[in-house]
Amino acid sequence: MIRNVFLHLRIPFSVFLLPVYLFALSQTPAPDLLMAWWSLVIIHLFLYPASNAYNSYYDKDEGSIGLLEVPPPVSKELLYTSWLLDILAVFIALWTGMGLSFVLYLIIYGTISKAYSHPVVRLKKYPLLSWCIVGVFQGAFTYLATVQVIGQLPVAELLQARYLIPALICTSNLWAVYPLTQVYQHEEDARRGDLTFSRLVGIRGTFLNAALFFSLSFTGFLFYFLTYGSANSLIVLVLCMGPVLAYFGYWWRAVLRDQEEADFRHTMRMNLFAGIGLNIFFGALCLYHF
């Protein structure tokens with residue numbers, strides 16, 4: 001039972017969301033390293049796993065889900081673990097003096113993630129709304145909250161373009177990638193009555209959407225680094241993300257020939273390539289920053 005609960009936390013999946021944190025860390029002026037450490041731990045070892053556990057409990061997936069090709073059965077212990085992790089995240093944030101703004105971020109994010117899965121609300125069954133919410137909260141909202149707590153900045157200061165532009169880039173990346181993570185789940189989502197964004201636009205539409213928002217993200221990077229950073233950052237970006245875009249093109253072509261190629265294993269490879277590429281890129285920015 002403990003093993004099943006641990007698997008459903010999908011802690012390694014947090015690596016795919018780590019680029020948002022690293023981007024924020026690399027762009028924060030005079031970062032507080034203690035706050036940087038605690039925010040990393042709280043977000044990736046408590047907040048995200050709590051959301052994964054809650055989602056798994058109410059979805060009760062029988063087919064493949066993120067990093068679990070054959071998910072184990074769920075139990076009440078998984079639900080209790082989800083709530084415990086959320087409570088611990090807030091408690092640690094208060095105990096370490098991370099400030100009211102970050103605590104509110106944790107509470108709001110936790111509430112939205114529960115509304116995403118809970119049968120009474122179940123935002124997941126509203127394709128456009130859930131697509132927007134996931135992109136905004138895992139992207140821009142998390143980026144700004146991380147910058148604020150690491151830099152100990154006034155919230156009003158986050159409204160500057162130098163913070164809003166990279167926040168929107170994070171959201172654009174997620175609007176590209178998130179529907180790709182749903183592309184192999186159409187049958188199971190249909191059985192549950194969930195009209196996800198990927199089901200709404202279809203398999204081909206999912207890939208077109210990804211191509212569009214990947215393009216917007218690159219345009220955002222181009223503008224941001226030429227305005228606030230260095231053109232050298234764009235060279236590193238191309239080197240890190242070139243293999244990712246090459247794999248995306250290969251997979252898209254394969255799906256156009258045979259839609260059965262839009263499966264779990266290809267999706268996880270895409271997530272892996274994108275996660276590695278972005279983590280290396282933003283990790284390099286962090287090293288340069290420090």
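Everything numeric here is computed off the predicted structure, so don't read it as measured data. Just so you know, these numbers use all the heavy atoms, side chains as well, and skip hydrogens, waters and symmetry mates.
No more than 12 heavy atoms of other residues, nucleotides or ligands shown are found within 6.0 angstrom of CZ on Arg204. Shown here is Glu187, whose CD atom has no more than 12 heavy atoms of other residues, nucleotides or ligands within 6.0 Å. Heavy atoms of other residues, nucleotides or ligands lying less than 6.0 angstrom from OH of Tyr228 number more than 12.
Ring geometry, Tyr58 versus His118: the interplanar angle falls from 30° to 60°, so the pair is classed tilted. Aromatic ring pairs are classed by plane angle as parallel below 30°, tilted from 30° to 60° and perpendicular above 60°; the pair Phe225 and Phe221 is parallel. Aromatic ring pairs are classed by plane angle as parallel below 30°, tilted from 30° to 60° and perpendicular above 60°; the pair Tyr48 and His44 is perpendicular.
What you find for Ser82 and Ala50 is that their closest heavy atoms are OG-O, 2.9 Å. Of all non-hydrogen atoms in Leu174 and Val134, the two that sit nearest each other are CD1-O, 4.4 Å. In plain terms, the two heavy atoms of Ala93 and Phe102 that are nearest each other are CB-CD2, 4.1 Å. Across Thr267 and Leu180, no two heavy atoms sit closer than the pair CG2-O, 3.4 Å. Taking every heavy atom of both residues into account, Thr28 and Pro31 meet most closely at O-CD, 3.3 Å. Of all the heavy atoms in Glu261 and Trp251, the pair that sits closest is O-NE1, 2.9 Å.
Looking only at distances, no side-chain donor or acceptor of Asn271 sits under 3.5 Å from a matching main-chain atom of Thr181. Formation of a donor-acceptor pair under 3.5 Å by the Thr206 side chain with backbone atoms of Pro179 is not found in this model. With hydrogens and angles ignored, the 3.5 Å screen pairs a side-chain donor or acceptor of Gln152 with a backbone N or O of Val149. Of the possible donor and acceptor atoms, none in the side chain of Asn52 sits under 3.5 Å from a partner among the backbone N and O of Ile11.
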Test ring pair (Phe, Tyr, Trp, His ring centres under 6.0 Å) applied to Tyr143 and Phe23, step by step: CA-CA 8 Å; Tyr143 178 91; Phe23 194 13; 5.4 Å; yes

Side chain to side chain contact (heavy atoms under 4.5 Å, CB included) assessment of Tyr126 paired with Ile133: CA-CA 10 Å; Tyr126 303 104; Ile133 283 175; over 6 Å; no

Leu256/Trp252 under side chain to side chain contact (heavy atoms under 4.5 Å, CB included): CA gap, chis, key distance, verdict: CA-CA 6 Å; Leu256 289 175; Trp252 191 0; 3.9 Å; yes

Side chain to side chain contact (heavy atoms under 4.5 Å, CB included) evaluation trace for Glu157 with Tyr163: CA-CA 9 Å; Glu157 194 169 328; Tyr163 299 122; 4.0 Å; yes

Side chain to side chain contact (heavy atoms under 4.5 Å, CB included) assessment of Leu128 paired with Leu200: CA-CA 9 Å; Leu128 292 174; Leu200 176 68; 4.2 Å; yes

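Centroid-to-centroid, the aromatic rings of Tyr178 and Phe197 stay 6.0 Å apart or farther. Within the 6.0 Å centre-distance limit, the rings of Trp131 and Phe213 are counted as a close aromatic pair.
Side-chain contact check for Leu40 versus Leu18: some heavy-atom pair is nearer than 4.5 Å. You'll find the side chain of Gln185 stays beyond 4.5 Å of the side chain of Ser198, heavy atoms only. Between Tyr250 and His266, the closest side-chain pair of non-hydrogen atoms falls below 4.5 Å. Counting heavy atoms from C-beta on, the side chains of Phe207 and Ile203 come closer than 4.5 Å. The closest side-chain heavy-atom distance from Leu234 to Val238 is not below 4.5 Å. Side-chain contact between Val177 and Phe214 is present, with at least one heavy-atom pair separated by less than 4.5 Å. Counting only heavy atoms from C-beta outward, the side chains of Tyr109 and Ile43 never approach each other to under 4.5 Å. Two residues are said to be in side-chain contact when any heavy atoms from C-beta on lie closer than 4.5 Å; Met35 and Met98 meet this criterion.
Taking CG of Leu285 as the reference point, atom CG of Leu22 lies at 9.0 Å (rounded to 0.5 Å). From Leu123, atom CG reaches atom SG of Cys132 across 11.5 Å, with rounding to the nearest 0.5 Å. For the atom pair CG of Leu25 and CD1 of Ile150, the computed distance is 5.0 Å after rounding to the nearest 0.5 Å. Between Leu278 atom CG and Met241 atom CE the span is 4.0 Å, to the nearest 0.5 Å. Atom CG of Asn232 sits about 12.5 Å away from atom CG of Leu237, to the nearest 0.5 Å.
Between the side chains of Ser39 and Thr146, not a single donor N or O lies within less than 3.5 Å of an accepting N or O. Defined by atom type and a distance below 3.5 Å, a donor-acceptor pair is present between the side-chain atoms of Tyr224 and Gln27. A side-chain N or O of Tyr105 and one of Thr142 form a donor-acceptor pair less than 3.5 Å apart.
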